[in-house]
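Read the structure below first, then the notes.
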Amino acid sequence: MSRDLTKEEQQKFADMYGTGTKCVSCGNQDVIVKIWEKHGTNAAEIGGDISPSGIVGALVTCDACDHAETVARARLLEAG
Ligand SMILES: [Zn+2]
């Protein structure tokens, strides 16, 4: 399952992975960060573990231009 991060979590996500605060294509700062939780973790809950041990993937999407940036598992692990 997946869910969208809250604005607060989005900031944490950005600190951890270096992306997720704005659209890399058009610069819009009102992006949505969607995460897929790892089985057996609490990442599906607000305030849950969004570190590389809690999620298997993420997607940063922009409503303004429809750009979507995939944050792959490999990149999550690199950041962690
Ligand atoms: Zn955009």
Side-chain angles (χ1 to χ4, degrees):
M1 279 201 1
S2 67
R3 71 173 177 94
D4 297 343
L5 296 183
T6 64
K7 288 287 167 200
E8 201 178 72
E9 287 177 309
Q10 226 168 293
Q11 190 53 56
K12 269 192 231 164
F13 183 92
D15 291 345
M16 241 184 274
Y17 305 117
T19 187
T21 50
K22 64 174 190 198
C23 174
V24 291
S25 179
C26 75
N28 172 30
Q29 298 195 336
D30 196 17
V31 290
I32 294 164
V33 179
K34 189 181 275 295
I35 57 107
W36 281 262
E37 81 272 15
K38 201 170 170 179
H39 185 71
T41 70
N42 66 353
E45 296 160 27
I46 289 171
D49 182 12
I50 58 167
S51 77
S53 56
I55 66 176
V56 292
L59 188 68
V60 181
T61 56
C62 173
D63 273 347
C65 73
D66 282 337
H67 178 81
E69 180 194 2
T70 307
V71 188
R73 177 91 186 130
R75 188 159 152 208
L76 297 176
L77 289 172
E78 224 170 79

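Numbering starts at 1 and runs along the sequence shown. Start at 1 and go down the list; that is how both ligands and their atoms are numbered. Keep in mind that this is a model prediction, so the values were computed, not measured.
- Distance alone, capped at 3.5 Å, places no donor-acceptor pair between the E37 side chain and the G54 backbone.
- Here CD of Q10 is found 9.5 Å from CD1 of I50. Values are rounded to the nearest 0.5 Å.
- Closest approach of G20 and F13 over heavy atoms only: CA-CD2, 4.4 Å.
- Protein atoms of type N/O/S that fall under 2.8 Å from the Zn ion (ligand 1) number 4 in this view.
- Judged by distance alone, the side chain of R73 and the main-chain N or O of P52 form a donor-acceptor pair under 3.5 Å.
- Nearest heavy-atom pair, G47 versus R3, reported as atom, atom and distance to 0.1 Å: N-NH2, 4.1 Å.
- In this structure a side-chain-to-backbone donor-acceptor pair under 3.5 Å is missing from T70 to A72.
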